[in-house]
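Have a look at the structure below, then the notes.
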Amino acid sequence: MRVVVAITGATGAALGIRLLEALGQLGVETHLVLSDWARATIKIETDFTVEQVRALASHTYSVGDLAAGISSGSFRTDGMVVCPCSMKTLSAIRIGFSDNLITRAADVTLKERRKLVLVAREAPLSEIHLENMHHLARAGAVIFPPTIAYYGRPGSVGEVTDYIVGRVIDQLGIEHSLIDRWKDHRPGGDDDPAPLAVVRGTK
């Protein structure tokens, strides 16, 4: 399997790094592009060097290299993940402004009807952000905010990161054991009214 991975300058560089690690462990061929600000964010937010992050990928490209294979639809891939995805990059993808290799590869992914997963990192979201996301969702992209699931009772930032990355990998249809899946946790079975009572604020 062959997947394009892009890391942009939004906070959450650890997500992109862990994604590369996990895909590599799963035997997936990865093609990595780092934006200029991703390189800065990696230094600010993690203990990794840019060189160490690049070494996690099967192939790496300069963000300005529009002659790279992944800039063409004839270069076959199984999808692309932008993780994390800044609002700047998301807006450029929305309007087809392919001024660098990340936005061009994303444009190619959409036009070839391949899976495009955008791990959109921003809060709160403005009307402009939401409109851009809505447009991309209708165009076929998966908008994937890196939200936390508490049902697994994560005990560390690493466990939260693994959950988010695991769910991202799910979107690519790749089997993995990175997360504990949801199970039926109803305490009293089908007839237990407690959960409904809590939702209604009567308990």
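These numbers come from the heavy atoms of this one structure, side chains and all, not from hydrogens, waters or symmetry mates. Fair warning: this is a prediction, and the values are worked out from it, not measured in the lab.
With His129 contributing its side chain and Ser126 its backbone, the two residues share a donor-acceptor pair below 3.5 Å. Between the side chain of Ser72 and the main chain of Gly69, no donor-acceptor pair closer than 3.5 Å is present. A donor-acceptor distance shorter than 3.5 angstrom exists from the side chain of Gln52 to the backbone of Thr49, with no hydrogens or angles considered. Ser71 contributes no side-chain N or O that, together with a main-chain N or O of Ala105, makes up a donor-acceptor pair within less than 3.5 Å.
The residues Lys115 and Asp78 are annotated as not salt-bridged, no charged nitrogen and carboxylate oxygen being separated by less than 4.0 angstrom. Salt bridge annotation for Glu112-Arg76: absent, with no cationic side-chain nitrogen under 4.0 angstrom from a carboxylate oxygen. The pair Arg54-Glu51 does not count as a salt bridge, with every side-chain nitrogen at least 4.0 angstrom from each carboxylate oxygen.
What you find for Leu178 and Gly166 is that their closest heavy atoms are CD2-N, 3.6 Å. A pairwise comparison of heavy atoms in Ala68 and Leu101 identifies CB-CD2, 3.8 Å as the closest pair. Ala120 and Pro146 make their closest contact through O-CD, 3.3 Å (heavy atoms, listed as atom of the first residue, atom of the second, distance). Closest non-hydrogen pair, Glu122 versus Leu125, comes out as O-CD2, 3.7 Å. The two atoms that bring Ala92 and Thr103 nearest to each other are CB-CG2, 3.7 Å, heavy atoms only. The two residues Ile93 and Ala106 make their nearest non-hydrogen contact at CD1-CB, 3.6 Å.
Note on Ile95 and Leu136: separate hydrophobic clusters, where clusters join Ile, Leu, Val, Met, Phe, Trp and Tyr whose side-chain heavy atoms are under 4.5 Å apart, directly or indirectly. Val28 and Val117 end up in the same hydrophobic cluster when Ile, Leu, Val, Met, Phe, Trp and Tyr side chains are linked at under 4.5 Å. Follow the hydrophobic side-chain contacts under 4.5 Å out from Tyr163 and you reach Val119 in the same cluster. Note on Met87: it does not cluster hydrophobically with Leu15, by side-chain heavy-atom contacts below 4.5 Å among ILVMFWY residues. When the side chains of ILVMFWY residues are joined at heavy-atom separations under 4.5 Å, either directly or via intervening members, Ile169 and Val160 end up in a single hydrophobic cluster.
In this structure, Cys83 SG and Arg18 CZ are separated by 12.0 Å, a value rounded to the nearest 0.5 Å. Remark: Ile17 CD1 to Leu32 CG distance equals 10.0 Å, nearest 0.5 Å. Separation of atoms NE2 (His135) and CD1 (Ile143) is listed at 10.5 Å; rounding is to 0.5 Å. Considering OG of Ser58 and CG of Leu20, their distance stands at 9.0 Å, rounded to 0.5 Å. In this structure, CG in Leu66 is found 8.0 Å from CG in Asp99, a value given to the nearest 0.5 Å. In this structure, Ser98 OG and Asp107 CG are separated by 4.0 Å, a value rounded to the nearest 0.5 Å.
Judged by a 6.0 Å distance limit and a 45° cone about the ring axis, Arg2 is positioned over the six-membered ring of Phe75.
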- Message: Leu172 vs Ile174, test: side chain to side chain contact (heavy atoms under 4.5 Å, CB included). Steps then yes/no.
- Response: CA-CA 6 Å; Leu172 298 170; Ile174 301 171; 3.9 Å; yes
- Message: Determine whether Glu29 and His31 satisfy the following criterion, side chain to side chain donor-acceptor pair (under 3.5 Å), listing intermediate values before the conclusion.
- Response: CA-CA 7 Å; Glu29 178 184 317; His31 292 252; 2.6 Å; yes
- Task: Assess whether side chain to side chain contact (heavy atoms under 4.5 Å, CB included) is satisfied between Tyr61 and Ile70, documenting all intermediate values.
- Result: CA-CA 9 Å; Tyr61 308 90; Ile70 60 173; 3.9 Å; yes
- Item | Worked check of side chain to side chain contact (heavy atoms under 4.5 Å, CB included) between Ile42 and Arg39 | CA-CA 5 Å; Ile42 287 167; Arg39 300 167 72 92; 5.6 Å; no
- Task: Determine, stepwise, if the pair Lys43 / Val50 fulfils side chain to side chain contact (heavy atoms under 4.5 Å, CB included).
- Result: CA-CA 7 Å; Lys43 296 176 184 178; Val50 171; 4.1 Å; yes
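For the pair Val142/Leu118, no side-chain contact is recorded, criterion being any heavy-atom separation below 4.5 Å from C-beta on. Under the 4.5 Å side-chain criterion, counting only non-hydrogen atoms from C-beta, Leu19 is in contact with Val5. Contact of the Asp170 side chain with the Arg167 side chain is registered, since non-hydrogen atoms from C-beta on lie closer than 4.5 Å. Side-chain contact between Glu159 and Asp162 is absent, with no heavy atoms from C-beta onward closer than 4.5 Å. A heavy-atom distance below 4.5 Å is found between the side chains of Pro84 and Ile7. Proximity of Glu131 to Ile128: side-chain heavy atoms (C-beta onward) are nowhere separated by under 4.5 Å.
Annotation: Arg113, atom CZ; neighbour count of heavy atoms from other residues, nucleotides and ligands within 6.0 Å does not exceed 12. Within a 6.0 Å radius of NZ in Lys88, other residues, nucleotides and ligands contribute 12 heavy atoms or fewer.
The only member of Val63, Thr8, Asn100 that meets side-chain contact (heavy atoms from CB on, under 4.5 Å) when paired with Asp36 is Val63.
Between the side chains of Arg114 and Thr109, not a single donor N or O lies within less than 3.5 Å of an accepting N or O.
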